[in-house]
2 protein chains.
Amino acid sequence: MEAAPRTSNEKAGVTPLLTFSILSSFLKIHDKMKAAAMTLKKLAVDDPRRVRHSLKVGLTLTVISVFYYVKALYSGLGQSTMWAVLTVVVVTEYTAGATLYKGLNRVIATLLAGALGLGAHRLAALAGNDGKSVLLGVFVFLLAAMVTFSRFVPEIKARYDYGATIFILTFSLVSVSGYRVEELIGLAHHRLSTVAIGVAACMATSIAIFPVWAGEELHNLVASNLDTLASFLEGVGKEYFEQKLESHKNLEGASFLIGYKSVLNSKAMEDSLANFARWEPGHGQFGFRHPWKQYLKIGALARQCACSMQSLNGFISATEKSEALTNSEFQQNIKTACAVMCSESGKALAELASAIRDMRPPTAAAGHLGNAATVGSQVKMMGPSETTTVEEVLLYA
Amino acid sequence: MEAAPRTSNEKAGVTPLLTFSILSSFLKIHDKMKAAAMTLKKLAVDDPRRVRHSLKVGLTLTVISVFYYVKALYSGLGQSTMWAVLTVVVVTEYTAGATLYKGLNRVIATLLAGALGLGAHRLAALAGNDGKSVLLGVFVFLLAAMVTFSRFVPEIKARYDYGATIFILTFSLVSVSGYRVEELIGLAHHRLSTVAIGVAACMATSIAIFPVWAGEELHNLVASNLDTLASFLEGVGKEYFEQKLESHKNLEGASFLIGYKSVLNSKAMEDSLANFARWEPGHGQFGFRHPWKQYLKIGALARQCACSMQSLNGFISATEKSEALTNSEFQQNIKTACAVMCSESGKALAELASAIRDMRPPTAAAGHLGNAATVGSQVKMMGPSETTTVEEVLLYA
């Protein structure tokens, strides 16, 4: 009988504790939700095309679904609605090029593998009822192993990877299904047409409604990478070499000094965009066979350039720390020369970037590069012997 | 009547030409086939696991197909065979981690989206026959748009991208299908169990038969990258600084000078391996929560190191061309010191690589680094003033 009040006391202590812990976990969840909402908002504001893409996917899927839903109700197709919906979900990608790549791969692989599967069926039927399933099993094994192995070939991996998967899939499905060949032909025809309708719907939306071209993305990425490098050089020229003459301002962590890092890791992105761009039809200023490979070359050079900037940046932060720079007249001259070389190379890069953007010959770049070279040869003249290279004079400074 | 002999003459001229062109195109095809065969052979010899993987895929698919083929014949399941086959083809990947990632994503997304789809069906049924399809359309639109947008969040992209696709797919399929809810539950149960069987088969093959662990691949990749960097430094120390003292041997294009380039572009590979490694159970010396992120940090440092090597390589090829190195005693001393610093740093890196490989503390690395530092401070002593840094002395040399 004594237990009752104690329990009540415990309850009185436990309830606020429970309320508090529930409240605090609610607050935690609220904070997390808020953070997630901020992330989503930032994603949307940074690139509104993401929102547009999401709405596009929803729209395509709804149109295809409703169309088939209604059709299935009236004509009793039932099962085949599925393939169009499945195709839309799996094929739609962010850029038009990626959607085209997947869509074309899917249609062609389905067609080829369907035909081959029918052939395998007919061949296996010759072996009688017992041999048929054994033969079909052997066919599936051989084809799956061979096509899977072919996916390790870099060219196939880059261009037909998705097609290879769909090829194995369709061949296996056709071979495995327990239908007679006459039924199969009808089924294959039906399935191919629904897949084709799904692919056509994806392609139409991705090309006609606010298209995001992989080619254009690549074009802009390469130009903006060059711009980042240019701002590094111009920043170093102005902030480091010129201002350094007067004050010892600390430059560590300055934004222009960090930008090049994003350029260093751009290879994977550029490669995949260039792969997708090849599938796109001509659009805007880009022809059907626009030289996308040249962009990759510029990208590789830009990364090499960014590498050198990393070394330069390492040197700058080392001298920032040591602060032990002597300022002889010779060094002053060299510094002024370096400032000019950096600024002029930076301007040349910026000109190249804007020339790529506007698709015109980079006329002003040669002038800036010429200026940099002139100053470079002046530096060379300051050296002790006639055979000294610019690098050696800079090393002496 | 005169035309006949001329035609015959032309024929006599045309036939060899035709034969020749057919023959030459056959030869061309033969050459291409030969080249392709060589590529395939090289792929197989370079990494025999590729062949094993292909055979594994063939085997899994055949077992699942035949099992279902036989079952379908006896119990008349027909349609549902498809889902197990489809799952096996789509889920199987090269590494165990990637297969687990896709398999778990697929099962969980199918389960969640199936339940949600059933709920949506029941909710829409409340709106009567006319409102039902409209409501379902709205649901599909909202869900597809929201989930598609969530795929832009980097964390979701890295871990649940495939799940998001399957989620949209299953939800749309369940919503669109024109069945009554009672039929749907049976169908969903059936479909989920076939998908689960397919996923289980993939996982079992990828883990039990010659597994290729993404974690182990990452482990080896990081170690071998460090080894590449080590061989660069040791090569430069021995071949460039030491031998250079006697002869002007041309080093351009030496293999140890190029190796670092593969390290520069390893980021994408490392990131995806680390993502997949997280899905893998403990295996061998790697626990379930092995610190995969630490490998990414080492990888980033290795790339930074490779960047500096690119600068050093650029400097070496510049001096290779100029050949105008004076050999004062001071420079000789500096060069010997550089040779030691390079070799010792290289040995330290090699020790780090082998320590990672054997999973032991890199005891010998500190000694080598100490040697390099000692020589570095000796170089510092050669400088004109006490405040000079090693870099500055090297610049003077």
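Throughout, protein chains are lettered first and strands after them, A, B, ... in sequence-line order, and every chain is numbered starting at 1. A quick note: this is a predicted structure, and the numbers were derived from the prediction, not measured.
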Novice: I need the single residue from B/Leu61, B/Leu86, B/Val88 that forms a side chain to side chain contact (heavy atoms under 4.5 Å, CB included) with A/Leu169. Which is it?
Specialist: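 Only one of B/Leu61, B/Leu86, B/Val88 forms a side chain to side chain contact (heavy atoms under 4.5 Å, CB included) with A/Leu169, namely B/Leu86.
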Novice: Evaluate the side chain to side chain contact (heavy atoms under 4.5 Å, CB included) criterion for residues B/Arg50 and A/Thr148: first the C-alpha distance (whole Å), next the side-chain angles of each, then the deciding distance (0.1 Å), finally the verdict.
Specialist: CA-CA 9 Å; B/Arg50 289 172 180 150; A/Thr148 303; over 6 Å; no
Novice: For A/Thr62, give me all partners under side-chain hydrogen bond (donor to acceptor under 3.5 Å, both in side chains), at least two apart in sequence or on another chain.
Specialist: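 A/Thr62 satisfies side-chain hydrogen bond (donor to acceptor under 3.5 Å, both in side chains) with no residue once adjacent residues are dropped.
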Novice: Enumerate by number any residue of residues 39-47 of chain B whose heavy atoms lie under 4.5 Å from heavy atoms of chain A; in the absence of such residues, state 'none'.
Specialist: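 Residues in range: B/Leu40, B/Leu43, B/Ala44.
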Novice: Begin from the C-alpha positions of B/Leu264 and A/Lys267 and carry the test side chain to side chain contact (heavy atoms under 4.5 Å, CB included) through to its verdict.
Specialist: CA-CA 10 Å; B/Leu264 279 178; A/Lys267 183 172 165 43; over 6 Å; no
Novice: Before you tell me yes or no, could you show the steps for B/Leu55 and A/Phe141 under side chain to side chain contact (heavy atoms under 4.5 Å, CB included), namely the whole-Å CA-CA distance, both residues' side-chain angles and the distance that decides it to 0.1 Å?
Specialist: CA-CA 8 Å; B/Leu55 295 179; A/Phe141 175 78; 3.9 Å; yes
Novice: To the nearest 0.5 Å, what is the distance between SG on A/Cys305 and CD on B/Gln310?
Specialist: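 Taking SG in A/Cys305 and CD in B/Gln310, the distance rounds to 10.0 Å.
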Novice: Looking at B/Leu173, B/Val140, B/Leu136, which one forms a side chain to side chain contact (heavy atoms under 4.5 Å, CB included) with A/Ser65?
Specialist: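 Only one option passes, and that is B/Val140.
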Novice: Tell me, with the steps shown, if B/His53 and A/Phe152 meet side chain to side chain contact (heavy atoms under 4.5 Å, CB included).
Specialist: CA-CA 11 Å; B/His53 170 71; A/Phe152 288 109; 3.7 Å; yes
Novice: Under 4.5 Å heavy-atom distance to chain A, tell me which part of B/Phe139 shows up: side chain, backbone, both or neither.
Specialist: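 For B/Phe139, neither part sits under 4.5 Å from chain A.
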Novice: Tell me, side chain or backbone of A/Val51 under 4.5 Å from chain B's heavy atoms, or both, or neither?
Specialist: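 Contact with chain B is through both the backbone and side chain of A/Val51.
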Novice: Show the nearest heavy-atom pair for residues A/Ser311 and B/Cys307, with the distance to one decimal.
Specialist: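 Nearest heavy atoms, A/Ser311 then B/Cys307: OG-O, 4.3 Å.
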